[in-house]
Structures are given as structure tokens and as C-alpha cells.
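Order of listing sets the numbers, starting from 1, for every ligand and every atom in it. Fair warning: this is a prediction, and the values are worked out from it, not measured in the lab.
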Amino acid sequence: MNKQRLEKVLGYMKQEHIPQMIISDPTAIYYLTGYLHYPWERMFALYLSETGNHKIFLNTLFTVPDDLGVEKIWYSDGQDCAALLANVTDHNKLLGIDKDFPARFLLPLMEYHGASSYTVASKCVDYARSCKDLEEQEKMRAASRINDACMEALPEKIREGMTEIELADIVLSLYKELGADGTSFAPLIAFGANAAVGHHEPDNTALKKGDCILIDIGCTKDHYCSDMTRTFFLKSVSAHQKEIYNLVRRANEAAEAVIRPGVRFCDIDKTARDIIAAAGYRPNFTHRLGHSIGIQDHEFGDVSGANTDCIKEGMCFSIEPGIYVEGDTGVRIEDLVIVTADGCEILNRNSKDLLVLP
Ligand SMILES: [Mn+2]
């Protein structure tokens, strides 16, 4: 196990008065052990205890590195996993459970009286993961470098008449060429009015003159995610589109400029939202300003009006204001940032100048 990360999680357990907990989110287990495994229906769980009696529960079918730095407890198909867990947990103490632990294991564990009481304890891991250590920051940069190179290569591949699906396929092949391991999420490509539809999925819509081209893409590298959005235009841009584009860009840059340790997430959101609202587009900015990101594309800690937490050095999140005009057009500009001691490092270097493709 990664000692520093384990200490962070144990520290938050102490702070939250949770003497023991079960972690089952595979990305959280990866964060602590360096071993990533998706167990499907089988039980995969890391047990942490204030006494240091940590265990990991594994099916004999899993391929596991020898040295995980934690005692392994093996089981075979057909064995009673809840009974194995109940052999290890302290029945007289509170047991923290992460939000992903399946009811099919938790309920039998409760029938075995595996603990005195139970509580959702995901925040102990979420808090630890929210501030990226130097190794994680380097991986975030590497994933975003590939994403930048992909976005940089796209404008010259975009042609009138091509479909959203065709452009999405180009993104996927560029990722392969550039050495990405996979995607953080399926490429979100939207032309014209489709760009105003939240979570539009690429379809056979063909690109035509005057359309906006919204490209929201992310790749993974070494288990860490990237995520960025740029919006271009084909052959012409109307005064209305230009107005929207410039507003979104201003909102993006103003929000990035206020980021430094101690600022609240909600105030970053407000900085961007006020600029868009002052121009009369408040109803057209339909989502939170951003989300935290790391091993997963969306992690604990959203950049929204509801989050009054203060940001800390090492946090990594997106800044992605947008304006969406139904049936007409949509613009979003998104970067990832890492909070530094006195500001932030913007991971995406691609230009935000208005780009009208020939
Ligand atoms: Mn995003």
C-alpha cells in the first residue's frame, strides 16, 4: 500500500470517528494499493482498521500482484464472503462502509452482527483523493498533454458534410496514435443545434456552414483522466455566436483567474456565472461550472454554487462554463486546473481564440 495515502485516509477516519471501514470502490482500492481490478459480481474489498489490522479480500480467480503491502484473505466461488468479513471486523465498534459496497454483501454482514452500527464513510477516501500528490499531478499533466495534442490536430481534419460520429472516430484513432490508454468518457461531439442539448451523443448529423462544433473529449493515461472542451465554427460565425463565444471565454478565464487556496468552490462558480448572467444569459448556463477529476472523470467535489468548501493546493478540477441556445447553438470552453500555492496551473494549453475553420 502507498503509505502516505493510507495515512491520509486513516487520518480522516480518525477525524470522522470511524475506527474501521470497508472500501470497495475499485478506483479507491487502486489509489491505496496500486492494484486496479473490476470484480463484476464478486466481492473485492479492502478493510482498514485504526488498530492496523488491514486486510484485502480477494477471489482466487483474480490476478493479483504478490506484494500489495496488505494481508490477503482469499475466497473461492461459493464461499460465504460476508462470514469471512465478519471474522475480521470488530463487532463492538462502528463500521464505515463506502457508498459502492453492494447490499448483497452488506446485508448478510449485518445479519452476522459484523459491527455495532454502520455508516457511509466514503468521505474518508474522497477527502484524501481530492488533493493530488506530486505523482498524481504528473499523471494528470501527462493525460492532458495527450488531450491537448489531439485537440490541436482536429481542426485540419474537420470538413463540411462530415458527421459527428466520424469526428468522434477520428478522436479515438488520434488517441491511439498519441499513446493514450483509453478514454475518460466517449467523445462528445455536437454540431449546430445539437450543441445546445445537454449530454448529446454523437449521431449522423452532418456538419454545415455556420455550425458551431462543440468538442468535449478526455483520454486516460496511467489510470488518470483528462477532460477538455473547445468550440469552433465552420466557415462563418454570426454576430450572435461571436457574442456568446466571447462571453463564455471571458467567464472561463475570469474563473481561472480567481483560483487560489482558500477560495470557495461556490465563489469560483459565481465568478463565471455572474459574467454570463450580466449579459442576459443566466438561464442558458444550465450546469455547474466544473467537477473534480483524477482516477475518475468525475470525482468528489463539484465546482458549483452549492459547494461552500474552500479549495486546497493539489486539488484538480474542470472550469467549463457554457451558453446553450435551444434549437440554435451551444458554446462550452473547458480546461483542467491544479490548485498551486498561490494560484493555479492550467493543464490545457490549446488556444481559446475564436476559430472559424475554412
Ligand atoms: Mn468535464
Asks: Is Asp297 close enough that one of its N/O/S atoms sits under 2.8 Å from the Mn ion (ligand 1)?
Replies: no
Asks: Which heavy atom of Ile259 sits nearest to which heavy atom of Cys344, and what is that distance?
Replies: CG2-CB, 3.6 Å
Asks: Would you indicate whether Glu326, at its atom CD, is surrounded by more than 12 heavy atoms from other residues, nucleotides or ligands within a distance under 6.0 Å?
Replies: no
Asks: Can you give me the OE2-the Mn ion (ligand 1)-OD2 angle for Glu320 and Asp227, to 10°?
Replies: 160°
Asks: What atom name does the N, O or S atom of Glu334 nearest to the Mn ion (ligand 1) carry?
Replies: OE2
Asks: Just how far is it from atom CD1 of Ile215 to atom CG of Asn350, taken to the nearest 0.5 Å?
Replies: 10.0 Å
Asks: Suppose we only count N/O/S atoms under 2.8 Å; would His298 qualify as near the Mn ion (ligand 1)?
Replies: no
Asks: If you count heavy atoms of other groups shown closer than 6.0 angstrom to NZ of Lys72, is the number above 12?
Replies: yes
